[in-house]
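Read through the structure below, which is laid out as structure tokens, and then see the notes.
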Number of protein chains: 2
Amino acid sequence: MARSDTRYREAYNRILSFCDTLPVEATIPSETRLAEIAGVSRTIIRRCLSRLQDLGLISWEGRDKRLLRKPQDEDRIALPDAGPGKSDLEQRFLDWILRFDVPANTPLSVAELSRTFEVPQHDLKEFLAGLSRFGLVSRRPQGGWMLLGFTKDYAIELSDFRSLLEANAVSQVAEAPVDHPVWQGLSRLRQDHLALKAAIETDFHEFSKLDERFHQTINSVVRNRFIAEFQKVISLIFHYHYMWDKTEEKIRNEAAIDEHLAIIDALEARDADAARAATQRHLRTSKTTLLSSLRLHDLG
Amino acid sequence: MARSDTRYREAYNRILSFCDTLPVEATIPSETRLAEIAGVSRTIIRRCLSRLQDLGLISWEGRDKRLLRKPQDEDRIALPDAGPGKSDLEQRFLDWILRFDVPANTPLSVAELSRTFEVPQHDLKEFLAGLSRFGLVSRRPQGGWMLLGFTKDYAIELSDFRSLLEANAVSQVAEAPVDHPVWQGLSRLRQDHLALKAAIETDFHEFSKLDERFHQTINSVVRNRFIAEFQKVISLIFHYHYMWDKTEEKIRNEAAIDEHLAIIDALEARDADAARAATQRHLRTSKTTLLSSLRLHDLG
DNA sequence: CATGCTGCATTTAATTATTTAATACATAAA
DNA sequence: TTTATGTATTAAATAATTAAATGCAGCATG
């Protein structure tokens, strides 16, 4: 019943590696220096030094510390295996919601989720608290959490918000200097779109990836932490929804390719108004697709 | 070392009040019914019933429960005093940052904050996790949290984002139907602006409230949960920053009144383009003011 | 026989306790 | 004077613990 000592263990091995770079009999730097090297506090360093002394790796008297012998592989201490970690929890969580088609207003059990995602309950709660800012989840009066989205209203508001951000991005692309990397990206995207259009009969399912790349390229011009944060969620949601909605996928994708090309045309002509108009057309289609995919789920 | 029984205590008093509405000798509803009435689980209801029985308020055998006497005030159980609660934690936290001018890159101690705000550490962590979505705080590698904003970059990006949202709101106002409450609000705002302009020499500090009301009215037209969430933070930050920056306050406010009136004029003329242009002008001024107020803090 | 209530058992959530780690401060050595 | 160490204090992460919620089986009642 306490926090893990992973931090100590990692630091110990790091210090061991550092000692390996020193010759035998060498003086070992001060605790403060070692703390800097390992990126931890002195408290941990002192635990490490105690162990090094116990194992006879160093002598330690007052401020005189000497390396007695070269560290061996067996001197290292084992680390608890890392697991998937909470770094990509967001991806995995949204993936889970969408893949298993978790309906709106489902109670979420932190205990259960922490098992399925193999992260401590604590991290999960923190994550859910973050998501609640996007209105995807909320706390229940009787405790625990509740999945709110994806209702029709949520999808509409998300689409509208996306349109706003994307229109802004397109405007900024149109005003980007000629040496901005976005132009190279768009030129490559044009080729890839044309290539896919030629092979649409067989490769139409490849469009999903291309779509994500397209919107990412456009939005890469916008340097704004708030917008970037939202784009992560938006792109995930749209991306996954498209992946399932298999109705008329080929026709839809073929149309979307043309819509993308129209935007690229307008941008390369530096015609901001035309680009914005083309973007609005494209996003209206997206919105319709998203909504119809929801309707399918409601019926099934 | 466990969760509090506040839920039980509140439920007990609620059940007591319910019993007060019944005549003596009356049959008490089923556990499930009582659970619905009190808004808690059956587990709590059974604890309540046990206590009611112990105190001789009810008889309880199998499913036959009878009220033996009218509940008195002394039958109620004490509640741990509520404290400020975590409902307005956001307001209080932002207020604290801005009022005490907490600089960027300050480590935040959950333990300390939980004391100053009188909320459990747990609630605070949840709150901070939410704020991290706005890029205001982030986790530190060595544990704990760190206040990131308000740097210059943060202010710029926030201003830009605000402009985007506000331009959108203005566009929607211009297209709002004649019977929409926003028109009445704007008409009142016009009068109040004119009144303040007339009394600007003495009442110029009153503008802050008017400013908040103006932007709230404009944004009230937008029905979007994502935008609404951001507006809360944005308005707080701008509002407070203006409150301190006392340099040339009168002149600034006088100018802002004219800018607001220009927007109202354009909107009431249903001239969306002019309204957007006026809004951009106004927000450019806002941005400059926000940035200069930051510069003042850096120097002081 | 169906419906709904209760008793019991299991699971989950909130919160404290505990251990690890970070930090602050005093003291001693260089 | 500067820098390192020793010691004490405080904070953070996490498991343990209790409160509460939920699920299910059996029983009473109409």
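Just so it is clear: chains get the letters A, B, ... in the order the sequence lines come, proteins before strands, and each one is counted from 1.
For H122(B) and R140(B), each mapped to the nucleotide of DNA chain C holding its nearest heavy atom, the one lying further toward the 5' end belongs to H122(B). Toward the 5′ end of DNA chain D lies the nearest nucleotide of V110(B), the other residue of the pair Y8(B) and V110(B) mapping further downstream.
For the pair R139(A) and dA14(C), the criterion of a side-chain N or O lying under 4.0 Å from OP1 or OP2 is met. For K65(A), a side-chain nitrogen or oxygen approaches OP1 or OP2 of dT5(D) to under 4.0 Å. Remark: R7(A) is in phosphate contact with dA22(C), judged by side-chain N or O atoms under 4.0 Å from OP1 or OP2.
Heavy-atom minimum distance, D20(B) versus K70(B): O-NZ, 2.7 Å.
Counting any heavy atom pair closer than 4.0 Å across all strands shown, R115(A) reaches sugar-phosphate atoms only and no base atom. Residue contacts for R9(B): at a heavy-atom cut-off of 4.0 Å it reaches no nucleic acid atom on any strand shown. Across all strands shown, L108(B) has heavy atoms under 4.0 Å from sugar-phosphate atoms exclusively, and none from any base.
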Per-nucleotide protein contact string for nucleotides 25-30 of chain D (B base, S sugar-phosphate only, - none; heavy atom under 4.0 Å): --B---

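Taking the salt bridge (charged side-chain N to carboxylate O under 4.0 Å, His left out) definition, one finds that E36(B) meets it with R33(B), sequence neighbours left out. Residues satisfying the salt bridge (charged side-chain N to carboxylate O under 4.0 Å, His left out) test with R115(A), not counting sequence neighbours, are none. Contacts of E10(B) classified as salt bridge (charged side-chain N to carboxylate O under 4.0 Å, His left out), with partners at least two apart in sequence or in another chain: R14(B). Here R225(A) pairs with E157(B) under the salt bridge (charged side-chain N to carboxylate O under 4.0 Å, His left out) rule; sequence neighbours left out. A search for side chain to side chain donor-acceptor pair (under 3.5 Å) contacts involving S17(A) returns R76(A), not counting sequence neighbours.
Here the nucleotide nearest the side chain of K125(A), chosen from dA14(C), dA12(D), dA21(C), is dA14(C). Checking dA14(C), dC5(C), dA22(C) against every side-chain atom of Q142(B), the shortest atom distance belongs to dA22(C). Listed candidates were dT5(D), dA11(D), dA21(C). Nearest to the side chain of S109(B) is dA11(D). Listed candidates were dT6(C), dT15(C), dT14(D). Nearest to the side chain of R3(A) is dT14(D). Comparing dA13(C), dG7(C), dT22(D) by their nearest atom to the side chain of W60(B) picks out dG7(C).
Atom CG in L113(A) sits roughly 12 Å away from atom C1' in dT12(C) (whole-Å rounding). Taking atom CG on D123(A) and atom P on dA12(D), their separation rounds to 16 Å, with Å as the unit. Atom CD in E10(B) sits about 14 Å away from atom C1' in dA19(D), given to the nearest Å. Between D5(A) atom CG and dA15(D) atom P the separation is 12 Å, expressed in whole Å. With rounding to whole Å, L128(B) atom CG is found 10 Å from dA12(D) atom P. When the C1' atom of dA21(C) is taken as reference, atom CZ of R14(A) falls 14 Å away, rounded to whole Å. Taking atom CD of residue E61(B) and atom C1' of nucleotide dT6(C), one finds them 14 Å apart after rounding to whole Å. Atom CD1 of I77(A) and atom P of dT20(C) are 13 Å apart (whole Å).
Counting only Watson-Crick and G-U wobble pairs whose two key distances fall under 3.5 Å, DNA chain D forms stems of three or more stacked pairs at C:1-30 with D:1-30.
Contacts between residues 35-48 of chain B and DNA chain C, defined by a heavy-atom separation below 4.0 Å, involve R42(B), R46(B), listed by number. Within residues 23-31 of chain B, the residues approaching DNA chain C are S30(B), E31(B), by heavy-atom distance under 4.0 Å.
Formation of a donor-acceptor pair under 3.5 Å by the R9(B) side chain with backbone atoms of I77(B) is not found in this model. Judged by distance alone, with hydrogens and angles left aside, the side-chain atoms of Q53(B) form a donor-acceptor pair with the main-chain N or O of W60(B) at under 3.5 Å.
F134(A) has its ring centre no less than 6.0 Å from the ring centre of F226(B).
Between F93(A) and F117(A), the ring planes are tilted. Angles from 30° to 60° get that label.
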Check against salt bridge (charged side-chain N to carboxylate O under 4.0 Å, His left out), D75(A) and R51(A): CA-CA 10 Å; D75(A) 292 322; R51(A) 193 187 144 100; over 6 Å; no

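For residues 126-141 of chain A, the salt bridge (charged side-chain N to carboxylate O under 4.0 Å, His left out) pairs, not counting sequence neighbours, are K86(A)-E126(A), E126(A)-R139(B), R133(A)-E90(B), R133(A)-E229(B), R139(A)-E126(B). Applying the salt bridge (charged side-chain N to carboxylate O under 4.0 Å, His left out) test to residues at least two apart or on different chains, the pairs with a partner in residues 55-64 of chain A are D64(A)-R66(A). Within the structure, every pair that satisfies the side chain to side chain donor-acceptor pair (under 3.5 Å) test and touches residues 38-47 of chain A, not counting sequence neighbours, is listed here: E31(A)-R42(A), E31(A)-R46(A).
Side-chain contact between L49(A) and L34(A) is present, with heavy atoms from C-beta onward closer than 4.5 Å.
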